[in-house]
Number of protein chains: 2
Amino acid sequence: MADQDIRKAGLKVTVPRLKILELLEKSGERHVSAEDVYRMLLEAGDEIGLATVYRVLTQFETAGLVERHHFEDGYSVFELNRGQHHDHIICIFCGRVEEFIDETIERQQSKIAQEKGFEIGDHSLTIYGRCKDPDCPNRDKT
Amino acid sequence: MADQDIRKAGLKVTVPRLKILELLEKSGERHVSAEDVYRMLLEAGDEIGLATVYRVLTQFETAGLVERHHFEDGYSVFELNRGQHHDHIICIFCGRVEEFIDETIERQQSKIAQEKGFEIGDHSLTIYGRCKDPDCPNRDKT
DNA sequence: ATGTATGCAAAACATTTGCACCTGG
DNA sequence: CCAGGTGCAAATGTTTTGCATACAT
């Protein structure tokens, strides 16, 4: 449970940390901003400060509990680390995020890093496109 | 020349636009932030406002003259659009940016977009790693 | 001339930090 | 009890905007 995950990360189990981790585990939203987390907790009737949300998410990131992504917006989005690396494809109109894994791409990336004289650490591949979801404001555009 | 490129983009040819585009074309630095451009122009003795740099770079981006990247820092970097798509590999210690193109990856990306029900528009792949450059502060770390 | 572009200062954002108070172990 | 965590407000760094002035055509 969240309780154990926090302890394992070497962090004290406090109310804010527990609430945030539980929200990430239970929410249907996999990719959320700090503001999102803050708002969702307030709406759920919890008391929390936005600064704490940022601090906790950063600690979780350092501990490897969550991953931080930047996507080409002006803010960070966080997602629970489920242990399995994956990349993202995002609709530039509705912001819908889908995940995928592609072995061929993974292999090519290692190859390129080696050719360029880099030790590969982390990488992130994001494809931007227009999704065909009927709810997507996509249709307003050409 | 820069003159024509600006006109072709449907923009009036003004001194700030010309200075900025020339700087991008002539500078050895391919990936620069708005601040970088601002500072470089001031150092070159030109008069310009930071707000103008941001406005012009945004217009250039819209016009397709430059590309804006986010990389996992807190600011945007711009690069002249040389017409040839490419991806980036970045050292997380010294910030060195290398460019590459990989047909295999390009093909896989189209395939994935199709599978996920997206029309691929733009995409960006960034690999983060540690470079082996002797000047890289890399060596201070494990 | 005249609509657009610029520069400055102020605003807007997302995120971080200082500090007095509270809390978990 | 006490190191560490929290909330608030203020600071930060980047990017945007309002407005009076200056410029390109």
Side-chain angles (χ1 to χ4, degrees), chain A residues 1-23 31-42 44-63 65-78 95, chain B residues 1-23 31-42 44-63 65-78 95:
Chain A
M1 301 275 76
D3 215 281
Q4 290 306 312
D5 295 330
I6 294 173
R7 216 179 303 276
K8 251 186 291 177
L11 296 167
K12 256 194 215 177
V13 180
T14 65
V15 175
R17 286 178 184 154
L18 214 44
K19 294 287 184 193
I20 292 173
L21 190 50
E22 282 174 351
L23 183 145
H31 305 85
V32 292
S33 67
E35 273 283 338
D36 290 337
V37 170
Y38 177 60
R39 200 172 329 103
M40 290 162 104
L41 286 176
L42 288 191
D46 295 306
E47 258 184 42
I48 197 163
L50 180 55
T52 301
V53 173
Y54 275 104
R55 271 187 292 237
V56 170
L57 287 173
T58 302
Q59 292 157 350
F60 283 1
E61 184 195 9
T62 304
L65 286 174
V66 306
E67 279 178 20
R68 182 195 295 246
H69 303 292
H70 281 39
F71 301 157
E72 311 263 315
D73 299 292
Y75 53 87
S76 302
V77 308
F78 299 84
Chain B
M1 301 276 75
D3 214 281
Q4 290 307 310
D5 295 331
I6 293 173
R7 216 180 301 276
K8 252 187 290 177
L11 297 168
K12 257 192 215 173
V13 179
T14 64
V15 175
R17 286 179 184 153
L18 215 44
K19 294 286 184 194
I20 292 173
L21 189 51
E22 282 174 351
L23 183 144
H31 305 87
V32 292
S33 67
E35 273 284 337
D36 290 337
V37 171
Y38 177 60
R39 201 172 327 104
M40 289 162 103
L41 286 177
L42 288 191
D46 294 306
E47 257 184 43
I48 196 162
L50 180 55
T52 302
V53 174
Y54 275 105
R55 271 187 293 236
V56 170
L57 286 173
T58 302
Q59 292 157 350
F60 283 0
E61 184 196 8
T62 305
L65 286 175
V66 306
E67 281 179 19
R68 182 195 297 247
H69 302 291
H70 281 37
F71 301 156
E72 313 263 316
D73 300 294
Y75 54 88
S76 302
V77 307
F78 299 84

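All figures in this text were calculated on a predicted structure; none of them were measured in a lab.
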What is the distance, to the nearest angstrom, from the CD atom on B:Glu35 to the P atom on D:dT16?
13 Å

Check whether any side-chain heavy atom of A:Val77 sits under 4.5 Å from a side-chain heavy atom of A:Phe71, and report yes or no.
yes

Name the pairs: protein N/O against N/O of nucleotides 21-24 of chain C, kept only if under 3.5 Å.
unit_1, atom_1, unit_2, atom_2, d
C:dG24, O3', A:Val13, O, 3.4

Quick one: A:Tyr38 OH to C:dC13 P, roughly how many Å, whole number?
16 Å

Backbone of B:Lys12 reached by a side-chain donor or acceptor of B:Arg17 within 3.5 Å:
yes

Which listed nucleotide (D:dC8, C:dT6, C:dT15) is nearest to the side chain of A:Ala34?
C:dT15

Find the distance B:Leu11:CG to D:dT25:C1' and express it as a whole number of Å.
15 Å

Does the pair A:His70 and A:Ser76 meet the rule for a side chain to side chain contact (heavy atoms under 4.5 Å, CB included), with working shown?
CA-CA 5 Å; A:His70 281 39; A:Ser76 302; 3.7 Å; yes

Do B:Thr58 and B:Arg68 come close enough that some side-chain heavy atom pair is under 4.5 Å?
yes

Would you indicate which nucleotide in C:dG7, C:dA14, D:dT6 comes nearest to any side-chain atom of A:Tyr54?
C:dA14

Are any non-hydrogen side-chain atoms of A:Phe78 and A:Asp36 less than 4.5 angstrom apart?
no

Calculate the interatomic distance between A:His69 atom NE2 and C:dT15 atom P; express it in whole Å.
14 Å

For B:Ile48 and for A:Tyr75, find the nucleotide of DNA chain C with the closest heavy atom, then tell me which residue's nucleotide is more 5'.
B:Ile48

Measuring to OP1 and OP2 of D:dG5, would you say a side-chain N or O of A:Arg55 lies under 4.0 angstrom away?
no

Nearest whole angstrom, please: distance from the P of C:dA14 to the CG of A:Leu50.
9 Å

For D:dT15 and B:Ser76 - does any side-chain N or O of the residue sit under 4.0 Å from the phosphate oxygens OP1/OP2?
yes

In whole angstrom, what separates B:Asp73's CG from D:dT14's C1'?
12 Å

Take the protein atom CZ of B:Phe60 and the nucleotide atom P of C:dA5, then report the distance between them rounded to whole Å.
12 Å

Could you check whether the side chain of A:Arg7 and the base of C:dG25 have a donor-acceptor pair of N or O atoms closer than 3.5 Å, going by distance alone?
no

Value in whole Å for how far the P atom of D:dC23 lies from CZ of B:Arg17
15 Å

Mind checking whether A:Leu23 and A:Asp46 have side chains closer than 4.5 Å, heavy atoms only?
no

For residues B:Arg39 and B:Leu42, determine if any side-chain heavy atom of one lies less than 4.5 Å from a side-chain heavy atom of the other.
no

